[in-house]
Participant: 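Please find one structure pasted underneath; my questions will follow.
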Amino acid sequence: MTDGRPRLIPSIGGAPAWTVAALLLGCAASLFAAQGTAGIFGALLFALILSVAIVDWRDLIIPDWMNSAIFGLGLAQAAALADGGERWSTVADALARSVAFGGALLLVRSIYGRVRGREGLGLGDVKLAAAGGAWIGWTMLPVVVEIAALSALAIFLVAPRLTGGAPKWQERLPFGSFLAPAVWATWLIETLSASN
């Protein structure tokens, strides 16, 4: 028993077994999708993404250091994988995508706040979008939002019914727990598409 709730999943070294399994599978998928340095960067991204998803689900907050690590790793990946003469322009493009993606979610956050009179997206989600923008190509940025929004909506609508309830429209949902995996999933899709 933990926090009065029965433990449904056995622990491995203090972490639930599903966390360890997800970490191993995600890292393996990253290394399969992109061999060498790109695969290692993808595996590191997955480890950070999984951490963000778990922390945001549990605490409804994304620590700045996690977003900073994703962002910094994204810029390092852009620099490491760029052709020699194009290193600075590749990093500049990653920065531009970060600003654009983070800016788009900041705009959505502002508009929602004005219209509804309450916060819809946290600043951590906006920072996560900016950090994720360093990893994703321009044309795939909308895909990140689609994957995140559709998976969040599915969980919001389906999960309560599995427990015999109905969705609570005023309930807070940790969007970062969906946005983070969507960043990695989109990176994976883009990486696999580029290798074919």
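Atom set for the values below is all heavy atoms of this structure, side chains included, hydrogens, waters and symmetry mates excluded.
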Participant: Using a 3.5 Å distance criterion without hydrogens, assess whether the side chain of N67 forms a donor-acceptor pair with backbone atoms of D64.
Facilitator: no
Participant: Do R118 side-chain atoms and G113 backbone N/O form a donor-acceptor pair below 3.5 Å?
Facilitator: no
Participant: Once rounded to the nearest 0.5 Å, what's the spacing between atom OG of S177 and atom CG of L128?
Facilitator: 9.5 Å
Participant: Could you grab the distance from atom CG of L141 to atom OG1 of T186, nearest 0.5 Å is fine?
Facilitator: 8.5 Å
Participant: Within a reach of under 6.0 Å around CZ of F32, are more than 12 heavy atoms found that belong to other residues, nucleotides or ligands?
Facilitator: no
Participant: Looking at L121, is its backbone amide N or carbonyl O close enough to the side chain of R109 to form a donor-acceptor pair, meaning the two atoms are under 3.5 Å apart?
Facilitator: yes
Participant: With a 4.5 Å limit on heavy-atom distance, are the side chains of I189 and I147 in contact?
Facilitator: yes
Participant: Taking the side chain as every heavy atom from C-beta outward, state whether K127 and I62 have any atom pair closer than 4.5 Å.
Facilitator: no
Participant: Would you say I49 and L60 are hydrophobically clustered, going by side-chain heavy atoms of ILVMFWY under 4.5 Å?
Facilitator: no
Participant: Short question: side chain of S98, backbone of A134 - any donor-acceptor pair under 3.5 Å?
Facilitator: yes
Participant: Whether the side chain of E190 engages the backbone of M140 through a donor-acceptor N/O pair (distance < 3.5 Å, no angle test) should be reported.
Facilitator: no
Participant: Under 3.5 Å, which donor-acceptor pairs do the side chains of residues 80-90 form with other protein atoms, sequence neighbours left out?
Facilitator:
unit_1	atom_1	unit_2	atom_2	d
R87	NE	A79	O	2.8
S89	OG	E86	O	3.0
T90	OG1	E86	O	2.8

Participant: Take S30 and W187, measure what side chain to side chain donor-acceptor pair (under 3.5 Å) needs, and give me the verdict at the end.
Facilitator: CA-CA 9 Å; S30 297; W187 171 85; over 6 Å; no
Participant: Can you find a heavy atom in the side chain of L25 that is under 4.5 Å from one in the side chain of F46?
Facilitator: no
Participant: Say you draw a straight line from OG1 of T19 to CG of L50; how long is it, rounded to the nearest 0.5 Å?
Facilitator: 6.0 Å
